[in-house]
Amino acid sequence: AQSVTQLGSHVSVSEGALVLLRCNYSSSVPPYLFWYVQYPNQGLQLLLKYTSAATLVKGINGFEAEFKKSETSFHLTKPSAHMSDAAEYFCAVSENRDDKIIFGKGTRLHILP
Amino acid sequence: EPEVTQTPSHQVTQMGQEVILRCVPISNHLYFYWYRQILGQKVEFLVSFYNNEISEKSEIFDDQFSVERPDGSNFTLKIRSTKLEDSAMYFCASSVDSYQPQHFGDGTRLSIL
């Protein structure tokens with residue numbers, strides 16, 4: 001069965017500092033992995049996706065994530081945090097491209113001035 | 001950019017009443033999904049729909065739930081007799097085909113009194 005674990009329900013970083021949001025997955029087949037962002041009172045917006053091509057995936061708003069099979073991880077990073085990055089971030093996994101998406105519990109990112 | 005639109009944004013209903021949540025997927029999309037997010041919890045898969053039939057449903061999607069694509073544009077979720085625990089944010093999603101990620105709407109907040 002697929003599952004996703006996000007370490008840290010809340011993460012705070014200073015503006016301009018590195019953002020690192022951790023995600024570990026479990027899947028019985030090579031997974032499709034996603035990061036979604038949810039701004040307050042809005043829906044889920046796709047940040048980036050991994051579909052077995054390059055292991056380093058670049059997304060929107062300067063975010064990127066690296067698929068590490070040996071560590072079953074798909075951590076999300078951004079070199080320099082911006083105030084507008086404050087939101088909830090969800091890591092997600094799917095076994096097939098058109099399959100249901102299994103979401104992690106989410107990590108709320110706070111940006112400190 | 002085309003969007004998935006959901007109406008209403010907030011629905012308040014008495015317990016035991018029927019409720020219909022509406023979604024207009026992106027026009028050329030073929031795969032449709034409903035997810036829900038209970039306050040403070042993770043996003044959970046409810047049902048997927050393709051070629052006018054349910055592809056997969058979760059344990060949450062019991063006999064009280066049904067989905068329908070009544071015409072070429074709408075995709076609805078009906079809860080026949082609402083319970084207090086149905087209070088949640090409900091997200092509709094669609095994808096153009098099995099090779100593309102799912103696009104989410106902004107959600108409908110359902111409050112059961």
Side-chain angles (χ1 to χ4, degrees), chain A residues 1-10 21 23-27 29 31-53 57-61 63 65 74 87-108, chain B residues 1-10 21 23-26 29-51 53-61 67 88-109:
Chain A
Q2 311 158 73
S3 67
V4 169
T5 302
Q6 292 183 243
L7 291 176
S9 57
H10 292 265
L21 303 183
C23 172
N24 289 88
Y25 69 90
S26 172
S27 179
V29 299
Y32 297 95
L33 294 161
F34 311 86
W35 275 98
Y36 282 86
V37 60
Q38 185 180 30
Y39 297 102
N41 300 314
Q42 293 187 28
L44 297 163
Q45 181 181 3
L46 181 69
L47 269 180
L48 50 81
K49 64 182 188 291
Y50 166 77
T51 56
S52 75
V57 182
K58 293 188 184 300
I60 62 172
N61 302 338
F63 284 93
F74 190 58
E88 184 126 25
Y89 292 79
F90 293 93
C91 182
V93 64
S94 174
E95 287 191 345
N96 296 299
R97 289 186 176 97
D98 61 348
D99 203 356
K100 63 181 182 289
I101 294 176
I102 304 300
F103 286 87
K105 290 186 176 181
T107 297
R108 186 167 295 278
Chain B
E1 184 176 336
E3 294 181 341
V4 175
T5 56
Q6 292 185 241
T7 55
S9 57
H10 192 186
L21 309 182
C23 170
V24 179
I26 296 173
H29 285 194
L30 301 176
Y31 294 79
F32 312 112
Y33 310 83
W34 282 102
Y35 294 80
R36 80 171 184 191
Q37 184 182 29
I38 294 173
L39 187 64
Q41 299 186 25
K42 63 181 178 180
V43 178
E44 301 171 291
F45 168 78
L46 291 179
V47 66
S48 59
F49 190 87
Y50 170 71
N51 199 26
E53 61 182 23
I54 290 174
S55 311
E56 186 175 0
K57 58 183 180 180
S58 70
E59 295 175 350
I60 303 167
F61 195 88
V67 289
M89 181 75 89
Y90 287 80
F91 292 105
C92 174
S94 68
S95 61
V96 61
D97 58 31
S98 60
Y99 295 90
Q100 298 300 320
Q102 297 171 26
H103 294 256
F104 284 77
D106 284 346
T108 293
R109 182 170 297 284

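As a basis for the values below, the full set of heavy atoms in this structure was taken, side chains included, without hydrogen atoms, waters or symmetry mates. Here is the naming used below: chain letters follow the sequence lines, and residue numbers restart at 1 for every chain.
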A:Gln38 portion near chain B, given a 4.5 angstrom heavy-atom threshold: side chain
Shortest non-hydrogen separation from B:Lys42 to A:Gly104 and the atoms involved: CB-O, 3.3 Å
Heavy-atom pair of closest approach, residues B:Gln37 and A:Phe90: NE2-CZ, 3.4 Å
Gap between atom NE2 of B:His103 and atom CG of A:Leu44 - 0.5 Å precision: 12.5 Å
Straight-line distance of A:Gln45 CD to B:Glu3 CD, nearest 0.5 Å: 9.5 Å
Considering all heavy atoms, the nearest A:Phe34-B:Pro101 contact: CE2-CB, 4.2 Å
Between OH on residue B:Tyr35 and CD1 on residue A:Ile101, distance to nearest 0.5 Å: 4.0 Å
A:Leu46 portion near chain B, given a 4.5 angstrom heavy-atom threshold: side chain
Within 6.0 angstrom of A:Ile60 CD1, more than 12 heavy atoms from elsewhere: yes
